[in-house]
Amino acid sequence: MFPSSALRFLWGLLLLLTLSRDGALRISPRKTVPYQEDHVRRFRVEGVGNYSIMLLQEDQGLLLVGAREAIYALDINDISRKKASANWEVTKADKEECTNKGKQADTDCQNYIRILHESSEGRVYVCGTNAFSPECRYMKYTEGQLTMEDKRSDGKGKCPFDPFQRYSSTMVDGDLYSATSNNFLGSEPVVMRSSPNPVRTEFKISWLNEPSFISMDTVPESLGSFDGDDDKVYLFFSETAVEYDSYNKLTVSRVARVCKGDLGGQRTLQKKWTSFLKARLDCPVPDSRLPPVVQDVFLLRHSDWRKSTFYAVFTPQQGSVDQSAVCAYSVSDIGEVFSQGKFKTPVTVATSHVWVMYSEDLPEPRPGACINNASRALGVKQSLDLPDKTLRFIKDRPLMDQAVRPVGGGPQLVEKGATFTRIVVDYVQALDGQTHHVMFIGTEDGFVQKAVNYDGDMVVIEEVQLFQAQEPIRILRLSSALGLLYAGSDSGVVQMTLSACERHTSCLDCVLSRDPHCAWDPPASRCTTLPSPPEAPDPGSARPKPENVTLIPGSTVNLPCRPASNLAQVRWTLAGRPLPPSPRYYTYREGLMLLNASAADAGAYACLSEEHVKGRLYRRTEAEYQLAPGGSGGLTTPRLEAQRTGPSLAALQASVALLTLLLVALLAWNLYRGHLPLPCGGGPTEAPGPKQAPPGGPRDPGSSILVPEGDPPESKPLMTPVNYSANNNLADANASSNGERSLAPRVTMDTLQFIDDESEI
Ligand SMILES: *[C@@H]1O[C@H](CO)[C@@H](O)[C@H](O)[C@H]1NC(C)=O
Ligand SMILES: *[C@@H]1O[C@H](CO)[C@@H](O)[C@H](O)[C@H]1NC(C)=O
Ligand SMILES: *[C@@H]1O[C@H](CO)[C@@H](O)[C@H](O)[C@H]1NC(C)=O
Ligand SMILES: *[C@@H]1O[C@H](CO)[C@@H](O)[C@H](O)[C@H]1NC(C)=O
């Protein structure tokens with residue numbers, strides 16, 4: 001009997017382990033919300049397509065949308081209400097020239113609006129591909145009208161010629177920074193600033209090698225800088241690697257940056273960036289041998305720019321596994337690589353170049369550094385004063401040796417089956433003061449996924465189908481203040497709320513959704529969107545009835561306690577005092593286990609929860625048990641059965657108890673991870689009491705720049721584990737639930753070899 005039951009235990013254990021492992025590696029959305037006409041607001045115009053650029057003007061209550069040959073001013077609260085529109089069509093002459101050059105009249109030779117930036121005097125700067133002959137002009141919204149100024153300027157180097165080519169741009173203090181192709185063929189990449197002091201990249205493979213430009217953003221790094229540093233403009237892109245040995249072309253993801261005050265060099269690098277530095281972006285996706293390719297980047301701004309974070313979505317290199325990922329990079333980590341890291345340098349071996357780490361002394365001032373106090377002290381007051389040595393160094397070596405590592409060392413989210421296209425991220429402040437970064441990710445097939453990484457625990461709350469046709473999400477924009485998300489595709493524009501808590505119909509569903517925007521409202525009996533003032537629980541009504549438990553010496557007693565709130569901290573008392581330390585007490589998420597009980601364990605046990613809600617502490621008794629030595633036979637503990645064995649089988653009893661414990665721990669972990677259903681009605685915690693309170697809270701009003709001080713990029717899981725007390729000798733059995741990512745194999749590019757032929761021009 002012993003071997004067979006032990007085997008069964010082991011078998012169950014292995015089965016559970018297998019299931020858990022499998023489930024842990026395959027994240028999928030908890031809920032799929034199929035397309036419905038009425039769950040979102042839409043905008044589209046018959047005959048007009050390619051809604052791929054947006055500009056939010058919250059102060060004017062407008063969402064400007066650029067499409068093919070048209071721009072629309074929509075009501076920011078309800079985009080189905082069009083306030084104004086303007087057409088910008090290609091002239092006959094331009095179209096003719098375009099088709100004469102061999103381009104398609106109805107696709108290539110149209111005007112795709114590609115740039116919409118707020119400019120001075122309330123004007124908007126607009127650029128379009130204009131039949132492979134890009135142009136820019138100003139536009140104004142006044143008295144319910146969108147009017148385009150007649151004056152046009154050349155859009156070369158600002159806006160792509162080819163509507164199918166990736167590009168990026170940003171407006172900083174009235175100057176346009178752009179990354180695109182500078183010629184008709186799309187073969188000459190450029191990153192430039194259009195201003196009275198224009199500056200651009202050197203046309204060299206070591207600077208940009210068949211790049212695909214993804215995103216640009218500025219970070220105000222001069223603010224509170226200790227060394228008089230300059231503001232930066234960051235650029236994310238992918239390009240063909242120069243530094244790796246590979247049979248095929250290998251695409252790598254990069255982050256590059258330039259200094260806002262860069263004026264170029266005096267003789268060397270005249271009107272070229274003296275501060276263009278780039279580094280590889282590392283996003284170690286499990287099971288993938290080739291580095292993934294960046295597709296979109298969102299800058300989650302923080303009032304202290306050092307705590308700002310770039311969120312990037314990655315898709316596999318061609319021919320690689322079908323797996324998308326999100327990695328986050330902190331502005332300080334990126335800055336450190338650029339300001340402290342080593343450079344790579346090309347070395348000629350036989351007829352080709354090999355890129356190795358440059359280990360000799362660097363010239364002064366440091367190549368690629370912005371002008372700061374240190375360089376000013378050396379008499380270098382602007383980039384024009386930089387010595388030739390520094391300039392020649394950076395001209396040949398813009399690449400850093402070190403890659404930028406993601407926050408937490410790995411991806412925030414990895415998902416099989418979906419192809420991510422775009423991302424925006426919002427801060428959501430939880431009831432306990434924790435801030436969660438909630439990601440909204442657009443996919444290739446017209447869905448938006450809402451996801452949170454709770455301290456390494458990846459959760460995709462839901463996926464919502466926004467477009468009936470399975471078409472890619474081309475753009476996502478977020479208004480934190482309004483709690484609205486806007487998505488554009490080839491066929492139209494959609495507006496959705498950041499949360500739709502009413503989709504969770506039961507208390508359990510509401511809690512298990514782990515949506516930080518939502519909380520269960522017991523009186524109304526529905527899942528509501530935060531913020532709504534949390535009600536003070538009625539302490540009297542919530543008190544559970546004590547349960548009598550018969551104590552059988554040598555048995556394992558299980559006392560369940562599941563607090564109504566995931567955020568509650570749980571502690572146990574015996575006769576009104578904290579549990580004495582003992583290796584026989586095992587506190588886990590679902591309760592307390594008493595191993596090898598004896599008559600001395602009799603007494604009144606209570607499970608107390610404490611929860612901070614909006615600065616107030618709510619205490620509550622979740623469960624009470626009266627343990628008394630009892631008669632013979634029968635199961636002695638509520639709900640979960642005790643394992644009772646005869647005294648002659650002490651060893652067997654111990655091993656069975658241990659296995660049971662492991663099983664229960666695994667079960668608990670699976671329940672917690674949501675792999676197994678959890679009955680809402682069970683447990684003494686169902687008594688009406690305080691709000692079920694997954695964290696969530698008021699979104700930051702106003703701009704996305706506001707967030708309280710000192711928030712870590714990731715915060716703790718919704719289901720806060722109980723405090724493992726010191727007397728818990730088996731804590732590890734359960735505590736591993738958060739160490740999931742450590743199971744994942746990592747790819748490090750460092751193992752690849754460096755060789756390359758840098759065939760420079
Ligand atoms: C424009 O939209 C059409 C579908 O309406 C799509 O086939 C085409 O690829 C889009 N063009 C660009 C440049 O995105
Ligand atoms: C750097 O220069 C700025 C302004 O010129 C000054 O405020 C700051 O104190 C200086 N920092 C150091 C460390 O000298
Ligand atoms: C528990 O036992 C006490 C006496 O030992 C008794 O008064 C009480 O009613 C019992 N409670 C329950 C719920 O059975
Ligand atoms: C259980 O406790 C008794 C004393 O209460 C002790 O003699 C016995 O060895 C313990 N058994 C195990 C397996 O720890």
Side-chain angles (χ1 to χ4, degrees), residues 2 6 42-54 65-71 88-90 98 103-115 127-134 155 159-168 180-181 186 212-214 295-296 421-422 442 444-446 466-475 487-494 551-557 580 582-586 593-603 627 629 636 642-661 727 729-730:
F2 162 57
R42 312 171 177 280
F43 173 81
R44 69 179 300 244
V45 171
E46 206 50 47
V48 177
N50 309 93
Y51 302 82
S52 57
I53 186 82
M54 291 179 188
V65 178
R68 198 178 58 208
E69 316 231 305
I71 296 144
W88 183 0
E89 284 155 13
V90 174
C98 179
K103 300 291 175 190
Q104 293 299 315
D106 50 352
T107 54
D108 303 327
C109 301
Q110 304 228 29
N111 190 18
Y112 296 84
I113 305 303
R114 284 290 176 259
I115 288 178
C127 301
T129 59
N130 193 42
F132 266 79
S133 149
C159 176
F161 288 66
D162 184 345
F164 292 95
Q165 230 176 26
R166 297 290 306 259
Y167 69 100
S168 186
T180 185
S181 223
S212 183
F213 297 115
I214 300 300
Q295 298 297 342
D296 192 33
T421 58
R422 298 292 184 269
E444 193 72 29
D445 54 358
L466 293 185
F467 296 98
Q468 193 163 24
Q470 299 211 332
E471 53 182 340
I473 303 285
R474 299 272 187 211
I475 185 164
S489 77
D490 285 341
S491 74
V493 188
V494 160
L551 231 171
I552 295 172
S555 68
T556 297
V557 179
S582 160
R584 293 187 303 110
Y585 292 130
Y586 173 53
M593 243 188 266
L594 226 163
L595 309 180
N596 190 19
S598 67
D601 289 322
L627 259 69
T636 55
Q643 304 297 323
R644 194 189 184 289
T645 46
S648 60
L649 291 171
L652 175 61
Q653 180 256 340
S655 58
V656 164
L658 189 70
L659 281 170
T660 313
L661 209 61
N727 61 18
N729 61 338
L730 285 167

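Each ligand, and each atom within it, is numbered from 1 in the order the structure gives. Throughout, residue positions are numbered sequentially from 1 according to the sequence presented. Values below: all heavy atoms of this structure, side chains included; hydrogens, waters and symmetry mates excluded.
For ligand 4, the polar-atom distance check against N596 finds a nitrogen or oxygen pair separated by under 3.5 Å. Residue contacts with ligand 1: N50 is placed with a nitrogen or oxygen under 3.5 Å of a nitrogen or oxygen of the ligand (distance criterion only).
For the residue pair S52 and R68, no side-chain donor N or O sits within less than 3.5 Å of a side-chain acceptor on the partner.
Remark: ligand 1 atoms within the under-4.0 Å shell around heavy atoms of R114 are 13 (C). The ligand atoms of ligand 1 that sit less than 4.0 angstrom from a heavy atom of F164 are 9 (O), 11 (N), 12 (C), 13 (C).
For the pair P163 and R114, the minimum side-chain heavy-atom distance is below 4.5 Å.
Closest protein heavy atom to atom 4 (C) of ligand 1: D490 CB, 3.9 Å.
Taken to the nearest 0.5 Å, the CZ atom of R474 stands 8.5 Å off from the OG1 atom of T421.
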*Does the side chain to side chain contact (heavy atoms under 4.5 Å, CB included) test come out yes or no for E69 and V90, once each step is laid out?*
CA-CA 8 Å; E69 316 231 305; V90 174; 3.2 Å; yes
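Remark: C159 SG to C127 SG, distance not under 2.5 Å.
At a distance under 4.0 Å, a protein heavy atom can be found next to atom 14 (O) of ligand 1.
F43 and Y51 have perpendicular rings, their planes meeting at more than 60° on a 0 to 90° scale where under 30° would count as parallel.
Within the structure, ligand 1 has P163 among the residues with a heavy atom less than 4.0 angstrom away.
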